[in-house]
K.L.:
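Take this structure first; my questions come after.
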Amino acid sequence: MQNLFIRIPSTTANLGPGFDVFGIALNLYNYFYFEIDEHSNFEIFSLENELLPFSQINKNLIYQSYKNVLLKYGYTLNNLPKWKVYIHMEVSVGKGFGSSATAIVAGVQIAKKVLEQDHIEIDLEKEIEYFLELENHPDNVVPARLGGWVFCYDTQNIIRKELPEDLGLSCIIPDFSISTDDSRSKLKEFYPKEDIISNMKGCILWLEYIYSKNPKYLMKALISDKIHEPYRYPQIPYIKEIREFITEISCYGMSLSGSGPGIIVYYDKNNEEFYKSQLNAFIAKLNLKKEIFSIQYCSPDYTGLVVYPENIDWKKLIFQNSKSLLI
Ligand code: HSE
């Protein structure tokens, strides 16, 4: 069996009011190179050949996703084809930019590769079904697979859109991590009717922003969430200062990226230089005493999963293309 080299975009989910239902794929990528090797045991290495901590089978989401698919097609734990994988991530794990989703999508791709040998094809609907068995909210996994702004109701009802071209995005990334489970444990079990209505209004405003390209709808949408941000923001240092600053410089707004702790800031790309210099200076000031945040600028990705041709020089491609290595 040939090796497999793929690229999957990071994502930002929720976008304020769309808790668990929509997200955007970003042009910050995770690369996965699978080497089929019967002597290995699903280990995960960095490009520098360091064994990564989430290689352990019970923490290894790529393996869990792969195994979940193959066990449905007659494979057993004893005869799963083995591989090792090299990964390069442009946003690290536990920051709220969908690293788990990229691992789940990657696991299904290597399972598909194995099944192709057996002349079994898995269509997109089935792929999405398998993603959701591992992560039962679609707002990261489905944009990661498809690219774009994606709303997912279920495996058959997916709405994919392109965003207005003049939308600028930047990721403010704290130096600590939060697991999705911890972050979800902060949420309430039941919400007042008014809170749910506020989020429903915000979701419609998001759609109207996409159709009309009028940022006034986006600005309102980004302040409508009552389901998750109020309970998660208190975990993030300087959140009040960040919000005040982005209001002061007239960004459109911000949202907590997925379950956090990353934040995504929305602004007018026509004035990108202004926003970059302001945001860079602000983050540098917050970091004066101690490095707390990093900042990355990005755009929506509309490609989703990319499977590279076999025999491509995968390391060279990563070194030539990865923004994090070019900095
Ligand atoms: N919608 C999810 C959450 C995204 O907010 O918990 C994280 O995977």
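In each ligand, atom 1 is the first atom listed, and ligand 1 is the first ligand listed. Bear in mind the structure is a predicted one, so any value in this text is a computation, not a measurement.
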K.L.:
Do NZ/NE/NH1/NH2 and the carboxylate oxygens of Lys112 and Glu121 come within less than 4.0 Å?
P.N.:
no

K.L.:
Can you name the salt bridge (Lys or Arg N to Asp or Glu O under 4.0 Å) partners of Arg232, sequence neighbours left out?
P.N.:
none

K.L.:
Check each N or O atom of ligand 1 against all protein N or O atoms and list the pairs under 3.5 Å, with atom names and distances to 0.1 Å, one per line.
P.N.:
{"from": "ligand 1", "atom 1": "1 (N)", "to": "Asn14", "atom 2": "OD1", "distance (Å)": "3.0"}
{"from": "ligand 1", "atom 1": "1 (N)", "to": "Asp20", "atom 2": "OD1", "distance (Å)": "2.5"}
{"from": "ligand 1", "atom 1": "1 (N)", "to": "Asp139", "atom 2": "OD1", "distance (Å)": "3.4"}
{"from": "ligand 1", "atom 1": "1 (N)", "to": "Asp139", "atom 2": "OD2", "distance (Å)": "2.6"}
{"from": "ligand 1", "atom 1": "5 (O)", "to": "Asn14", "atom 2": "ND2", "distance (Å)": "2.8"}
{"from": "ligand 1", "atom 1": "5 (O)", "to": "Arg232", "atom 2": "NH1", "distance (Å)": "2.8"}
{"from": "ligand 1", "atom 1": "5 (O)", "to": "Arg232", "atom 2": "NH2", "distance (Å)": "3.4"}
{"from": "ligand 1", "atom 1": "6 (O)", "to": "Arg184", "atom 2": "NH1", "distance (Å)": "2.6"}
{"from": "ligand 1", "atom 1": "6 (O)", "to": "Arg232", "atom 2": "NH2", "distance (Å)": "2.9"}
{"from": "ligand 1", "atom 1": "8 (O)", "to": "Asn140", "atom 2": "ND2", "distance (Å)": "3.1"}

K.L.:
What verdict does the ring pair (Phe, Tyr, Trp, His ring centres under 6.0 Å) test give for Phe42 and Trp83, after you've listed the backbone C-alpha separation in whole Å, the side-chain angles of each residue and the deciding distance to 0.1 Å?
P.N.:
CA-CA 5 Å; Phe42 310 106; Trp83 39 259; 5.0 Å; yes

K.L.:
Under the ring-ring contact (aromatic ring centres under 6.0 Å, His included) rule, what pairs show up with a residue in residues 211-230, not counting sequence neighbours?
P.N.:
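Checked against ring-ring contact (aromatic ring centres under 6.0 Å, His included) - neighbours excluded - the pairs reaching residues 211-230 are Phe19-His228.
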
K.L.:
What pairs meet the side chain to side chain donor-acceptor pair (under 3.5 Å) rule with one or both residues in residues 251-269, with sequence neighbours excluded?
P.N.:
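Pairs touching residues 251-269 that pass the test: Thr12-Ser257, Thr180-Ser259, Ser255-Tyr266, Tyr267-Glu272, Asp268-Asn270, Lys269-Ser299.
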
K.L.:
With a cut-off of under 6.0 Å to the ring centre and 45° to the axis, is Lys84 in cation-pi contact with Phe45?
P.N.:
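Geometry flag: set, cation within 6.0 Å and 45°.
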
